[in-house]
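All remarks here apply to the structure that follows.
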Amino acid sequence: AQSEQCGRSPELTALLEQSRQDLNRVQSFSITKENVREALSRDDFPGAAVTLQQFRDKFGDTLDAKVLQEKIEAARSRAATSAMEKALPDVRMLLMVRSLDSAEGILDSLSQSSPYAAPPVKEQYESLLAVAQRAKAQRSARELEERLYQAQVSDQLTATLNASQESID
């Protein structure tokens, strides 16, 4: 009789249901955490974020999810900072030898990492990007100036030849 009363108790039924939901959430989070770790080991940061978001969509923004989000962000920041620390000295050297297209190519490849890098490295990136853009603009201006000068010389030569032809005729 007492077991029938416990089985029908709304409080016990609610507690049992809550326990099942908690167990489901914990098991789901365990799988999510493993999948995120696997994605991070491949530097698949978008995949890790999607996996975590799927958990959040189902269970909400739990404390565990927030901690895992911080781990994803920290891993992404470490990877971005490392990649940029390796590449920026090369960019600096390429700018010094005026190999602007190569420097710009490397900077373009780093543009996806820049928002996640440590602030000092991000500042170096932005500084080198500004130098590269200025140098490229100066080179374009010099090339335009040279073309205009060549056109002017060509026009003068044509005018001189035309004047010589007219004096011969």
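Panel note: side chain T81, backbone R78; no donor-acceptor pair is recorded below 3.5 Å. The closest donor-acceptor contact from the side chain of S140 to the backbone of K136 lies under 3.5 Å. Between the side chain of S30 and the backbone N or O of Q27, no donor-acceptor pair lies under 3.5 Å. Formation of a donor-acceptor pair under 3.5 Å by the T51 side chain with backbone atoms of G47 is found in this model. Panel note: side chain S77, backbone A117; no donor-acceptor pair is recorded below 3.5 Å.
Taking NZ of K66 as the start and CZ of R56 as the end, the distance is 8.5 Å to the nearest 0.5 Å. We find the CG-NZ distance between L110 and K122 to be 13.0 Å, quoted to the nearest 0.5 Å. To the nearest 0.5 angstrom, Q54 atom CD is 10.5 Å from K58 atom NZ.
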For this session: Before giving the answer on side-chain contact (heavy atoms from CB on, under 4.5 Å), spell out for Q69 and L52 the whole-Å C-alpha distance, their side-chain angles and the decisive distance to 0.1 Å.
Result: CA-CA 7 Å; Q69 179 67 42; L52 180 57; 3.2 Å; yes
For this session: List the steps and the verdict of side-chain contact (heavy atoms from CB on, under 4.5 Å) for R139 and D101.
Result: CA-CA 11 Å; R139 181 177 67 183; D101 292 334; 3.2 Å; yes
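Taking 4.0 Å as the cut-off between side-chain N and carboxylate O, R42 and E38 count as a salt-bridged pair.
For the pair R76 and Y116, the cation sits on the ring face: its NZ or CZ lies under 6.0 Å from the ring centre, inside 45° of the axis.
Residues E146 and R142 are not in side-chain contact: their nearest non-hydrogen atoms beyond the backbone lie 4.5 Å or more apart.
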